[in-house]
Amino acid sequence: MITRTESRWQTEDWQKAMKNMIRDVRSLYQAVNLNPEDLPAELSSRLDFPVRVPQNFVQRMQKGNALDPLLLQVLPQTAEMQDIAGFSTDPLAEAEFNMAPGLIHKYHGRVLLISNPSCSVHCRYCFRRHFPYQENTPGSQHWHKAMDYIANNKEIHEVILSGGDPLAANDDYLQQLIDKIAQIKHVKTLRIHTRQPVVMPERITNELLAVLTSSRLKTVMVIHSNHAQELQGDTVEALQLLQAHGIRLLNQSVFLKGINDTVQAQKSLLESLYTLNIQAYYLHVLDKVQGAGHFFCKDEDTKEIYAKLVTLLPGYMLPRLVREYPHAASKTAIDIIKAV
Ligand SMILES: *Cc1c(COP(=O)(O)O)cnc(C)c1O
Ligand code: SF4
């Protein structure tokens with residue numbers, strides 16, 4: 001049993017992990033005992049979204065397997081460089097809902113803050129891979145417009161820290177931001193959308209846990225895991241620490257061709273989440289972002305697999321299969337009736 005005060009990770013461990021990240025495709029290939037000479041030459045240059053992979057995440061990849069589901073999420077492919085009709089740089093039209101620098105208000109009662117532009121991992125399917133972060137990184141000194149907006153909209157009861165990855169920012173920055181949010185009385189919940197516990201568990205330091213539990217806000221964390229193989233090793237300990245500090249954990253995942261597009265992969269993921277007391281929340285179909293076409297699954301196939309899962313697992317273990325329409329007032333559940 002992990003107690004409230006025990007985290008073996010300190011700020012220095014996390015900073016070391018940030019420094020030691022893999023940042024080029026050849027080193028990534030070598031780290032999993034594959035031969036970099038087998039890589040297409042064009043992958044070593046002109047990537048519009050550079051390679052970024054924490055060592056801890058690499059540890060959970062199967063060595064020598066070029067089709068490892070963790071590797072394929074972070075390994076650039078030449079297919080990324082093709083323009084495919086219907087795939088755009090802003091598939092969710094987020095630019096239209098950018099009400100203040102760093103703030104996206106699309107849904108009733110909750111706003112999303114692009115609280116940190118960077119991530120500790122670059123997932124090749126990321127729908128924000130082209131987001132204009134430069135214009136949307138207000139930094140600690142410049143949150144006043146976003147905070148004024150929230151303060152002036154009394155129906156906003158939840159603030160979602162997103163990114164990038166909010167937990168790739170440092171503790172002081174997060175503390176300041178959380179303090180500012182907590183000062184707005186009608187905000188009740190702080191939600192954090194993060195992949196950090198999954199890709200870089202060293203981030204869950206004592207200092208971070210103290211920051212996350214310092215305010216009056218109810219804190220919910222939506223992690224992002226796409227495969228059971230990710231939920232092993234240090235990540236399990238990081239997740240248990242968060243829970244031991246009273247943080248409720250949910251998971252969202254993306255349905256990805258070649259990664260988790262089978263009944264077995266989905267079922268294993270949901271069983272692992274259940275074992276770890278993490279509520280499966282959303283299973284997203286891929287947003288059509290330029291460069292991610294090779295992860296796309298046909299709707300009929302996705303629905304068929306989801307329909308099968310529904311028959312295999314109790315309802316409380318199932319995520320909602322959703323799609324995001326740029327102008328809808330919520331995520332939209334995908335109707336599977338026809339597929340059954
Ligand atoms: C997904 C999303 C949310 C959160 O939606 P929930 O259904 O509450 O999880 C909020 N704002 C934006 C812009 C989103 O994309
Ligand atoms: S962690 Fe999330 S925001 Fe960051 S690259 Fe991956 S999918 Fe995108």
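Indexing begins at 1, ligand by ligand and atom by atom, following the structure's order. Bear in mind that the values here come from a model prediction, so they are computed numbers and not experimental data. Side chains are part of it too, since the values below use all heavy atoms of this structure and drop only hydrogens, waters and symmetry mates.
In this structure, His327 and Phe97 have tilted ring planes: the angle between them lies in the 30° to 60° band. By the 30° and 60° cut-offs, the orientation of the rings of Phe296 relative to Phe87 is perpendicular. Taking the six-membered ring for Trp and thresholds of 30 and 60 degrees, Phe295 and Tyr125 have ring planes more than 60 degrees apart, a perpendicular arrangement.
Proximity to Gly164 (heavy-atom distance under 4.0 Å) selects the following atoms of ligand 2: 3 (S). Proximity to Cys123 (heavy-atom distance under 4.0 Å) selects the following atoms of ligand 2: 1 (S), 5 (S), 6 (Fe), 7 (S). Atoms of ligand 2 found under 4.0 Å from any heavy atom of Arg195 (numbered from 1 in listed order, with element): 1 (S).
A donor-acceptor pair is defined here as one N or O able to donate and one able to accept, closer than 3.5 Å; no such pair exists between the side chain of Arg191 and the backbone of Thr189. Of the possible polar contacts, none joining the Asp68 side chain to the Asn65 backbone as a donor-acceptor pair under 3.5 Å is found. Between the side chain of Asn251 and the backbone N or O of Ala280 there is no donor-acceptor pair closer than 3.5 Å. A distance-only check finds a donor-acceptor pair linking the side chain of Gln55 to the backbone of Asn20 [under 3.5 Å].
Note: His284 and Phe255 fail the aromatic proximity criterion, with ring centroids not under 6.0 Å apart.
Heavy atoms of Asp165 come nearer than 4.0 angstrom to ligand 2 in no pair at all.
Contacts of ligand 1 (protein heavy-atom distance under 4.0 Å) are Ile104, Lys106, Tyr107, Arg110, Leu112, Ile160, Arg191, Tyr281, Tyr282, Glu324, Lys331.
Across all their heavy atoms, Leu43 and Gln77 have their closest contact at CD2-C, 3.7 Å.
When distances to atom 4 (Fe) of ligand 2 are checked against a cut-off of 2.8 Å, Cys119 contributes an N, O or S atom below that limit. Using a cut-off of 2.8 Å, one finds that His224 contributes no N/O/S atom close to atom 6 (Fe) of ligand 2.
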